[in-house]
Amino acid sequence: MLDRKFVLENAEAVKANCKNRGTPEEIDQVVALETERRAKLAEAEELNRQANAISAQMGKATPEQREAFKEQGRELRARKDAAQHEHDELNRQIDALLSRVPNMTHPSAPIGNDDGSNLEIARGATPVKKLDFKAKDHLELGQIHDMIDFESGARVAGAGFYFLKRDAVLLELALQQFAISHLVKKGFIPVTTPDVANTEILHGIGFIPRGPETQIYSIENTELNLVATAEITLGGMYHNQVLEAEQLPLKLVGISHCFRTEAGAAGRASRGLYRVHQFTKIEMFAFTLPEQSDVVHEELRALECELFDLLEIPYRVVDTATGDLGGPAYRKYDLEAWMPGRGTEGEWGEVTSTSNCTDYQARRLNIRYRVKGEKGTHYTHTLNGTALALSRALISIMENHQQADGSILVPKVLIPWMGKDRIG
RNA sequence: GGAGAGGUGGCUGAGUGGUCUAAAGCACCGGAUUGCUAAUUCGGCGUAGGGUUAACUCCUUACCGCAGGUUCGAAUCCUGUCCUCUCCGCCA
């Protein structure tokens, strides 16, 4: 959510930003309603002040005065309640409008309507290999080595669920160990989180549960929802809290179980593990001072690159265009790994994503920081980044490290965790 | 799951319908003072919104877990709800 004062004072810039992002905007209406709201607030407060003044005299009033005061008090409070209700209604309308307005955008982010305008800004250290045999996709490889079982997944939980077996499990655990231990060395605090969160927290992060097109599984008769990413719980950790400036930047790495309905995604390229209802992720999250967030964002991106370089997977880095940014993101980088089994001759597929959400989530979640010796508080900035999405990491490892005979070489960094250097 | 107790400022903790404008202490910040490892003393010390200003400068409103209700007036009374603690039961 943007700051109301900021919207009022920068209406034209906010409108232009909405246009760049392809979001319909009603900024003029927000400005009008907010102006009206402030007037109503002043009115309600003034009436309340008068009523308080009357009440204060009540103690030393004579019995006759008392009755007159009571009557005046009643009337003032009634008028105040009326003004307050109008104010509250305006407030609700503004909130509804404003919660649909996306974050402002980093001046360097490419401007464009959709992912076609995304800008490739870097390539990984590992080049795309020309295979001298026909690449198998991860499903075929999974079948050869009995690693992925979608049929059983469907029997138990429906299409889009799966069992990992044998070396896939070892590989997944190795990847988790590898990513977490790497990030702990970089100063991240490892955390496990709840796999459910209250609706309020989801809203704060920018998810909209329980709508017709929601990505979120919700638990009936409760305010609980299965998380779609640990961004939700990690960001929610400090809901309504005030941090000390010297604690920042606060960097967390969480083990994230992700549950997604993928409503509306039917028909999109989604063979195998690429788009599933449940997967596990290693997720980075940071709370920073406003002046730190750009630097930390670059740091998260660099760490993602480091992990994929170490896994010897070819990838490209993409600076996400305005029209393709999610609402809370100020800037977003994606890593797209080369997936030889995807499409007819291989394709890039998104494997990580890191966003700087500036104060957009922090304002909704009310996460602030205080500077020692200074008055008042400020909103933190929040950032998130995928370290590894295990399902897609599995795809990229299996498909990139496959050999002509169908065996799969284990990347060097995983061998100690995996206990072997080759699958099959 | 059952029974009970409780949620008040950074912390401890008083406050059971009207100077609560929330006592007091601790911690913290600033000043003063005294030659004894620090003491004493004075002052300040929350968050958010609105108005005002050269200026957190002044004014004002709200906030005692949260949401409602009663009342001219609620930290205080009522209802609901969330959370914490203790005991019992169950359980990985």
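First the proteins, then the strands, lettered A, B, ... as listed; each starts at 1.
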Distance, [atom1] atom - from [M] to [N], rounded to whole angstrom:
N: B:C42; M: B:G46; atom1: C1'; value: 22 Å
N: B:U40; M: B:U47; atom1: P; value: 28 Å
N: B:U71; M: B:U81; atom1: P; value: 23 Å
N: B:C11; M: B:G2; atom1: P; value: 32 Å
N: B:C78; M: B:G25; atom1: C1'; value: 34 Å
N: B:U86; M: B:C66; atom1: C1'; value: 24 Å
N: B:C85; M: B:G15; atom1: P; value: 25 Å
N: B:C59; M: B:A5; atom1: C1'; value: 43 Å

Any side-chain N or O of [X] under 4.0 Å from OP1/OP2 of [N]?
X: A:R77; N: B:C72; result: no
X: A:N52; N: B:G73; result: no
X: A:R38; N: B:G50; result: yes
X: A:R368; N: B:U47; result: no

Does a salt bridge link A:R155 with A:E151, judged by any charged N lying under 4.0 Å from a carboxylate O? no

Charged N to carboxylate O below 4.0 Å: is that the case for A:K40 and A:E43? yes

When we call it a touch if two heavy atoms are under 4.0 Å apart, what does A:I54 touch: a base, just sugar-phosphate, or nothing? nothing

Have a look at A:K5 and say if it touches a base, only the backbone sugar-phosphate, or nothing, with a 4.0 Å heavy-atom cut-off. sugar-phosphate

Applying the 3.5 Å cut-off to both distances, the Watson-Crick or G-U partner of B:G6 turns out to be B:C83

Is it the case that the ring center of A:H297 lies less than 6.0 angstrom away from the ring center of A:Y333? yes

Proximal nucleotide (of B:G18, B:U61, B:G50) relative to the A:S55 side chain: B:G18

Could you please name the option among B:A48, B:C72, B:U61 that lies closest to any side-chain atom of A:T377? B:A48

Main-chain N/O of A:D149 paired to A:S152 side chain as donor or acceptor, under 3.5 Å: no

Heavy-atom nearest nucleotide on RNA chain B taken for A:A42 and for A:G376; more 5' hit belongs to A:G376

I'd like to know if A:E45 reaches the base of B:G49 with its side chain, counting only an N/O donor and acceptor under 3.5 Å. yes

Decide yes or no on side-chain hydrogen bond (donor to acceptor under 3.5 Å, both in side chains) for A:H145 and A:D167, but give the supporting numbers first. CA-CA 8 Å; A:H145 305 295; A:D167 283 333; over 6 Å; no

